[in-house]
Amino acid sequence: TAMYMVDTIMIGGLGELQLAGVGAANQITMLLDICMFGVMSAAGVFMAQHWGRKEIAGFRSAMGLSVMTGSVITALFFIGTQIFPSELISLFSKDPAVIGYGVKYIRLASFGYILRIIVFVYGTALKSCAKPLLPMISGAAALFVNAFLNYCLIFGNFGFPALGIDGAAIATLTGSALDAFVLLIFSYTMRMPSAAKPAELMNQSRQGFIRFLGVFVPVFLNDMIWALGISLQNLLIAQMGTDSFAAMMIVNTVDRLAFVLLIGIGTACAVMIGHTVGAGEPEKAMLYSKRFLFLSASAGAVLGALVLSAGIFIPELYNVSESVRLLAKDTIFVLGFAMVTYGINFTIIIGILRSGGDARAAAIIDIVPLWLLSLPAVAVTGLILRLPLPVVYLSMIPSNIVRLVWGLHRARSGGWMHSLSL
């Protein structure tokens, strides 16, 4: 999250057209990340439950399935960005300058997609066996290298050439490479449960693969349809003009930075509930779900207050026009009021329902409000009524409330607990 923020702030120093171009390119990367998150969510359910039963073979088999499915998805995205970059970027902006900058960035940065398989698979495996400190260290190292190289290569500091957008892509690629390398070093030199041999990754049974598909398909479709919905939402905002789209990229940076704590809570919830459900302790799983719901609500309230008080100053870090800055500030103010619902919903869908094996209910609760409420609201307020970006963003909040009420009802029922194995 911080890497994304560093990239956008430094690229924003070049101008709003460059910011919009890289922002459009990162929408493609976000789609890939969401697809990979779906793969890892499904695999993570099996990893956590197998680890709860201390079944290393099943744990590594789940890793292998995530490598296979993740490789196919990543290959499709990489081929698309190399062959059809202009067509992909033009989905988010019709401005030729924005498209040109986006294509220039994504053609180079997409080579890092291959490295993301390692980062996602080994990071998820280490979290699932309760070793989250290690991916945190690798991510921090990647952040430092990425920020330093951005500073050097975008603007030509410390004797480096000023490469602009190409420099940002190289910095991101280098940071991802370091992240992947450190995760592999940690796993194999420290003999972690994630230190799987190739034969263990490939050791798959037909029945295990079918069980994996039973969780993976609804999770992947959930995340893919949700990602398409979010991309369509951003596409609709892009049709409102370059100013609105550039402002939304700034808002997304604040959103991601604030949301990282809520993601941490939801992911921790998924690991702990996965362990307890796998170990056959439903009462403890229900207790954990209630505690994590309270924790995510409290954290969401605190983060909302921080966004309302401090987040509105972040647009000042960008070299954009005053109109873009004002749009971003007002929209960030609206974001602050939505943080509580964001946090609880993430914990319900990812931390409780998915980790308990109830992927189908999680998919329905996540997707239906987005497509039936949020997207029509954006289309009407943004394109038909031509209302400003903050009002358009406000129109998305009712869908979060519907998702919250629906999800709480399912979480309290206890019908989401299913013991899974490969």
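All heavy atoms count here, side chains included; hydrogens, waters and symmetry mates do not.
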| task | Spell out, as yes or no, whether a donor-acceptor pair under 3.5 Å connects the side chain of K94 to the backbone of S90. | result | yes
| message | Any side-chain to backbone donor/acceptor pair from T172 onto A168? Under 3.5 Å, distance only. | response | yes
| request: For the residue pair M68 and Q204, establish whether any side-chain heavy-atom pair is separated by less than 4.5 Å. | output: yes
| note | To the nearest 0.5 Å, atom OG1 of T253 lies from atom CG of L19 at 7.5 Å
| message | Please determine whether side chain to side chain contact (heavy atoms under 4.5 Å, CB included) holds for the pair I99 and V103, giving the CA-CA distance in whole Å, both sets of side-chain angles, and the decisive distance to 0.1 Å. | response | CA-CA 6 Å; I99 294 172; V103 169; 4.1 Å; yes
| Step-by-step side chain to side chain contact (heavy atoms under 4.5 Å, CB included) determination, L404 to N400 | CA-CA 6 Å; L404 173 64; N400 286 325; over 6 Å; no
| Does T74 reach the main-chain N or O of S71 with its side chain, forming a donor-acceptor pair under 3.5 Å? | no
| task | Would you tell me whether S110 and Q82 have side-chain atoms, one donor and one acceptor, within less than 3.5 Å of each other? | result | yes
| query | Quick check: does any side chain N or O of R410 sit under 3.5 Å from a backbone N or O of G415, one acting as donor and the other as acceptor? | reply | yes
| note | OG (S289) and CZ (R412) are apart, to the nearest 0.5 Å, by 10.0 Å
| query | Which value, rounded to the nearest 0.5 Å, describes the distance between D243 atom CG and L389 atom CG? | reply | 10.5 Å
| query | According to the interplanar angle, ranging from 0 to 90°, do the rings of F46 and F212 count as parallel (below 30°), tilted (30 to 60°) or perpendicular (above 60°)? | reply | tilted
| note | Rounded to the nearest 0.5 Å, the CE atom of M249 sits from the OH atom of Y318 at a distance of 10.5 Å
| field | Closest contact, heavy atoms only, A125 versus S194 | value | CB-CB, 3.8 Å
| said: Looking at P135, is its backbone amide N or carbonyl O close enough to the side chain of S138 to form a donor-acceptor pair, meaning the two atoms are under 3.5 Å apart? | reply: yes
| query | Just by distance, do the side chain of N222 and the backbone of P218 share a donor-acceptor pair under 3.5 Å? | reply | no
| said: Just so I know, are the side chains of Y342 and D255 near enough to count as touching, which here means a heavy-atom distance under 4.5 Å? | reply: yes
| Nearest heavy-atom neighbours spanning T381 and S395 | OG1-OG, 3.5 Å
| said: I'd like to check Y105 versus N26 (side-chain heavy atoms, cut-off strictly below 4.5 Å). Are they in contact? | reply: yes
| request: Kindly indicate whether the side chain of N252, heavy atoms from C-beta on, has any atom under 4.5 Å from the side chain of M248. | output: yes
| message | So L261 and V302, do their side chains get closer than 4.5 Å, heavy atoms only? | response | no
| task | State the OG-CG distance between S93 and L235, to the nearest 0.5 angstrom. | result | 10.0 Å
| In terms of ring plane angle, is the pair Y122 and Y188 parallel, tilted or perpendicular, where the classes change at 30° and 60°? | tilted
| field | Sub-6.0 Å ring centroid separation between F120 and F37 | value | no
| said: Testing the basics here: between V334 and P390, what is the closest heavy-atom pair and its distance to 0.1 Å? | reply: CG2-O, 3.9 Å
| request: Scan L370, I344, I348, T341 and name whichever one has a side chain to side chain contact (heavy atoms under 4.5 Å, CB included) with R403. | output: L370
| query | Going by heavy atoms in the side chains, are S66 and T124 under 4.5 Å from each other? | reply | no
| task | Taking all non-hydrogen atoms of both residues into account, name the closest pair between G351 and C269 and its distance. | result | O-SG, 3.4 Å
| field | Least distance between heavy atoms, G300 atom then L262 atom | value | N-CD2, 3.8 Å
| query | Below 4.5 Å, heavy atoms only, C-beta onward: do M30 and R256 meet side chain to side chain? | reply | yes
| task | Work out which heavy atom in Q49 is nearest to a heavy atom in G274; give both atom names and the distance. | result | CG-O, 3.3 Å
| 4.5 Å side-chain heavy-atom contact, I225 and W371 | yes
| Parallel, tilted or perpendicular for F148 and F144, by the 30°/60° rule? | parallel
| task | Indicate yes or no for a side-chain donor-acceptor contact from D223 to the backbone of C35 under 3.5 Å, with no hydrogens or angles considered. | result | no
| message | Do T29 and Y113 pair up side chain to side chain, a donor and an acceptor below 3.5 Å, judged on atom types alone? | response | yes
| task | Check the surroundings of atom NE2 in H409: do more than 12 heavy atoms from other residues, nucleotides or ligands lie under 6.0 Å from it? | result | no
| task | Check whether any side-chain N or O of H418 sits under 3.5 Å from a backbone N or O of V277 as a donor-acceptor pair, and report yes or no. | result | no
| message | How about CZ on R53, more than 12 heavy atoms from neighbouring residues, nucleotides or ligands closer than 6.0 Å, or not? | response | yes
| Under the 3.5 angstrom rule, does the side chain of R354 hit a backbone N or O of V45 as a donor-acceptor pair? | no
| said: Just verifying a value: how many Å separate S355 OG and F292 CZ, rounded to the nearest 0.5 Å? | reply: 9.5 Å
| said: Atom CZ of residue position F78 - does it have more than 12 heavy atoms of other residues, nucleotides or ligands inside 6.0 Å? | reply: yes
| request: Might you work through the side chain to side chain contact (heavy atoms under 4.5 Å, CB included) test for F220 and I73, ending with a clear yes or no? | output: CA-CA 11 Å; F220 180 76; I73 293 168; 3.4 Å; yes
| Stepwise side chain to side chain contact (heavy atoms under 4.5 Å, CB included) check, L303 with F259 | CA-CA 8 Å; L303 285 172; F259 200 61; over 6 Å; no
